[in-house]
Every structure is written in structure tokens, then in C-alpha cells.
Amino acid sequence: MRNKILAANWKMNLTLPEVELWVKKFNGFNWQSDTKEVRVYPSALFIPMLQNNFSHVGAQNFYYEPSGAFTGELSIEQLSSVGISSVLIGHSERRELFHEDNAFITQKVKAAADKNLSFILCCGENLAQREGKTHLHFIEQQLKSALSSFDRSKLSLLCIAYEPIWAIGTGLHANAAQITEMHAFIRSLLLELFGSDASSVPVLYGGSVNPENAASIFSCPEVAGALVGGASLDPHVFHQLWEQL
Ligand code: PEP
């Protein structure tokens with residue numbers, strides 16, 4: 001049985017003093033568990049300092065080339081050299097605001113897999129697709145494209161996060177029926193693509209998870225944890241999610 005995952009995606013939030021305070025407050029709670037793990041995805045600046053406190057610190061972003069004239073970018077090689085645990089790929093904010101298309105995301109998956117680095121592959125439909133009932137087809141396209149050159153021998157590196165765009169940072173969240181439908185769909189797609197070994201790939205939910213809705217989200221079949229934005233910025237709130245996982 002793989003651990004359940006509670007992953008904090010801080011996005012472009014928290015300054016150095018705020019990160020230090022976050023760690024101090026975090027350490028005031030009990031996070032011991034044999035069945036659950038915390039992951040932190042901070043701004044890249046804070047990765048080394050957070051590695052002193054957390055066993056799993058990941059990067060929110062990277063560029064797929066190994067090195068070269070790519071001003072402002074970080075490579076998998078560089079991140080691996082400081083002992084990073086995993087990376088996020090395909091987050092809707094990267095897709096929308098920074099125009100990362102499916103082909104680009106396929107390259108990022110290839111770069112991470114080639115270096116044997118774990119990754120959380122995010123997927124999610126927008127509201128028009130949800131209302132037009134094309135959400136399943138859209139997710140299928142996203143995942144088939146991202147994983148088109150991914151080999152089943154690397155399945156232990158893969159984690160999926162289903163994050164409906166209309167639920168990210170909006171206060172709206174998918175309901176239990178919507179999450180159950182999508183997670184079952186993603187599982188069957190993974191089994192179709194990679195065979196029975198894909199039954200152990202964790203599939204997280206993300207999108208306005210908070211202490212009020214966490215219990216119902218975590219009780220949905222196939223939900224292996226959550227990727228959390230806003231509610232991860234306060235360790236007290238984040239711990240309330242942890243207790244319900
Ligand atoms: C996210 O950024 O992945 C996310 C789910 O954000 P929020 O929890 O704020 O909706």
C-alpha cells in the first residue's frame with residue numbers, strides 16, 4: 001500500500017521570514033504517520049532550507065532541457081543535484097498563464113522520467129468543458145498526450161493530480177459524484193495504457209480543498225490525497241486537512 005499524500009503547492013507565495021514562521025508553526029503539530037506523507041512545493045529559492053525540515057520537498061517548475069542558454073530556467077539536472085524529491089508538471093496555471101501546451105508537457109514528462117525523478121502530473125478541465133460534458137474526453141486527451149512517451153517500467157515515478165480548473169483558487173470544489181466519476185475514469189485510462197501495474201499509481205484531487213470539504217473529498221474511492229494551494233499556506237489549516245486524510 002502506498003502512502004496517502006498531502007502536498008502543499010505554495011505557488012508564488014511566502015517570503016523568507018514567512019517561510020521560517022511557517023516551518024516553526026508546522027513543527028508545533030504532530031505529523032507522525034505510517035500511512036500518510038507531507039510534501040512541500042515551495043518557491044525554488046527555499047528548496048534547500050526546507051530540505052532540513054521535510055523529507056519530501058519538490059519543485060513547482062523546471063525546463064526540460066538539461067542545460068544551456070535558457071535564462072531564468074531550472075533544469076531537472078540542477079534540481080536533482082540538490083536532492084529534490086519530485087516536480088509538478090502540467091499545473092493549469094503553467095498551462096494557462098505560461099502557455100505550456102500538451103507538446104511542452106510531454107517533453108517535461110520525458111525529462112523527469114529520463115532522470116528517474118518522481119512527478120505529479122496535473123490535469124483538469126475548464127468550466128465550459130465540464131458544462132458541455134466533454135470533461136472526460138478532455139482529460140483523456142491531456143493524459144494520453146502527456147504520457148505518450150512514458151514507459152510502464154517507470155510507473156513508480158508517476159502520480160496524477162486531477163484539478164478541475166474551475167475549482168482552483170475559486171472556493172468551488174468538485175462534488176463527491178464528480179470526483180468519483182473522474183478518478184474512476186483516470187484509473188481505467190491508466191490501466192488501459194499501462195496494464196495492471198498502474199493500479200498503484202496515486203491519483204490526487206486538487207481544487208479548493210479546505211477543512212470543511214476535505215472529509216467528503218478524501219472519502220471518495222481512488223482519492224489518494226490532495227494537492228493543496230490556498231489551504232496549505234497556514235500550517236494550522238493544513239494540519240486540519242492532514243487529520244482528515
Ligand atoms: C493548486 O494550486 O494546485 C490548488 C489546488 O490550489 P487551491 O487549493 O488554492 O485551489
Side-chain angles (χ1 to χ4, degrees), residues 4-14 18-19 22 26 36-44 46-47 50 54 56-62 84-100 105 108-109 112 118-127 129-130 135 138-139 142-143 146 158-176 178-179 182-183 186 202-218 220 222-245:
K4 291 196 167 179
I5 296 166
L6 189 64
N9 175 17
W10 288 353
K11 315 191 187 197
M12 198 175 71
N13 293 303
L14 304 182
E18 289 167 342
V19 171
W22 196 95
F26 179 96
K36 305 185 275 192
E37 67 182 66
V38 172
R39 298 183 178 192
V40 183
Y41 295 85
S43 294
F46 306 126
I47 288 170
L50 288 166
F54 299 96
H56 193 121
V57 182
Q60 295 175 17
N61 190 35
F62 64 96
I84 199 92
S85 297
S86 66
V87 287
L88 302 184
I89 300 178
H91 193 283
S92 64
E93 288 153 17
R94 300 285 332 157
R95 292 180 192 259
E96 289 197 341
L97 301 172
F98 301 98
H99 312 295
E100 294 192 7
I105 286 159
K108 291 179 90 166
V109 167
S118 293
F119 61 98
I120 297 182
L121 175 62
C122 304
C123 59
E125 80 285 358
N126 65 28
L127 195 54
Q129 288 155 343
R130 165 67 55 181
H135 51 289
F138 183 75
I139 298 300
Q142 276 192 328
L143 292 180
L158 175 64
C159 175
I160 306 277
Y162 168 56
E163 301 205 300
I165 297 172
W166 49 271
I168 296 182
T170 59
L172 299 172
H173 66 94
N175 64 35
Q178 291 167 325
I179 294 173
M182 186 58 84
H183 279 240
I186 291 172
V203 184
L204 313 182
Y205 171 79
S208 295
V209 177
N210 63 42
E212 285 68 50
N213 61 30
S216 80
I217 291 171
F218 294 155
C220 295
E222 299 284 0
V223 172
L227 182 56
V228 184
S232 73
L233 296 174
D234 178 340
H236 176 59
V237 176
F238 195 51
H239 190 256
Q240 288 179 295
L241 304 183
W242 172 259
E243 284 183 315
Q244 297 182 59
L245 184 59

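What you are looking at is a predicted structure, and each value in this text was computed from that prediction instead of being measured. First listed ligand is number 1; within each ligand, the first listed atom is number 1.
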Donor-acceptor pair, distance only, cut-off 3.5 Å: does the side chain of [X] make one with the backbone of [Y]?
X    : Y    : answer
S208 : A167 : yes
Q129 : N126 : yes
E100 : I105 : no
K36  : W242 : yes

Nearest protein heavy-atom contact for [atom]: which residue, which atom, what distance?
atom                   : result
atom 3 (O) of ligand 1 : E163 OE2, 2.6 Å
atom 1 (C) of ligand 1 : H91 NE2, 3.3 Å
atom 8 (O) of ligand 1 : G229 N, 2.8 Å
atom 9 (O) of ligand 1 : G230 N, 2.8 Å

Could you check whether any heavy atom of [X] sits closer than 4.0 Å to an atom of ligand 1, since that is the contact criterion I want to use?
X    : result
H173 : no
C122 : no
A231 : no

Next item on the list: Anything under 30° is parallel, anything over 60° is perpendicular, the rest tilted; go ahead and classify F54 against F26.
Entry: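 If you compare the ring of F54 with that of F26, the planes turn out perpendicular.
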Checklist line | Interatomic spacing from CD1 in I47 to CD1 in I84 - rounded to 0.5 Å | finding: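 Output value for this atom pair is 3.5 Å.
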Check: Is N9 touching ligand 1 with its side chain, its backbone, both, or neither, if touching means heavy atoms under 4.0 Å apart?
Finding: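 Side chain only.
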Next item on the list: Dump the intermediate steps for side-chain contact (heavy atoms from CB on, under 4.5 Å) on W10 and V19, then the final yes or no.
Entry: CA-CA 10 Å; W10 288 353; V19 171; 3.9 Å; yes
Next item on the list: Would you mind reporting whether I139 and E125 have side-chain heavy atoms less than 4.5 Å apart?
Entry: yes
Relative to the heavy atoms of [X], which atoms of ligand 1 are at a distance of less than 4.0 Å?
X    : value
G207 : 5 (C), 10 (O)
A167 : 10 (O)
L227 : 3 (O), 5 (C)

Note to self: Check this for me - ligand 1, G169, N or O atoms closer than 3.5 angstrom, yes or no?
What the structure shows: yes
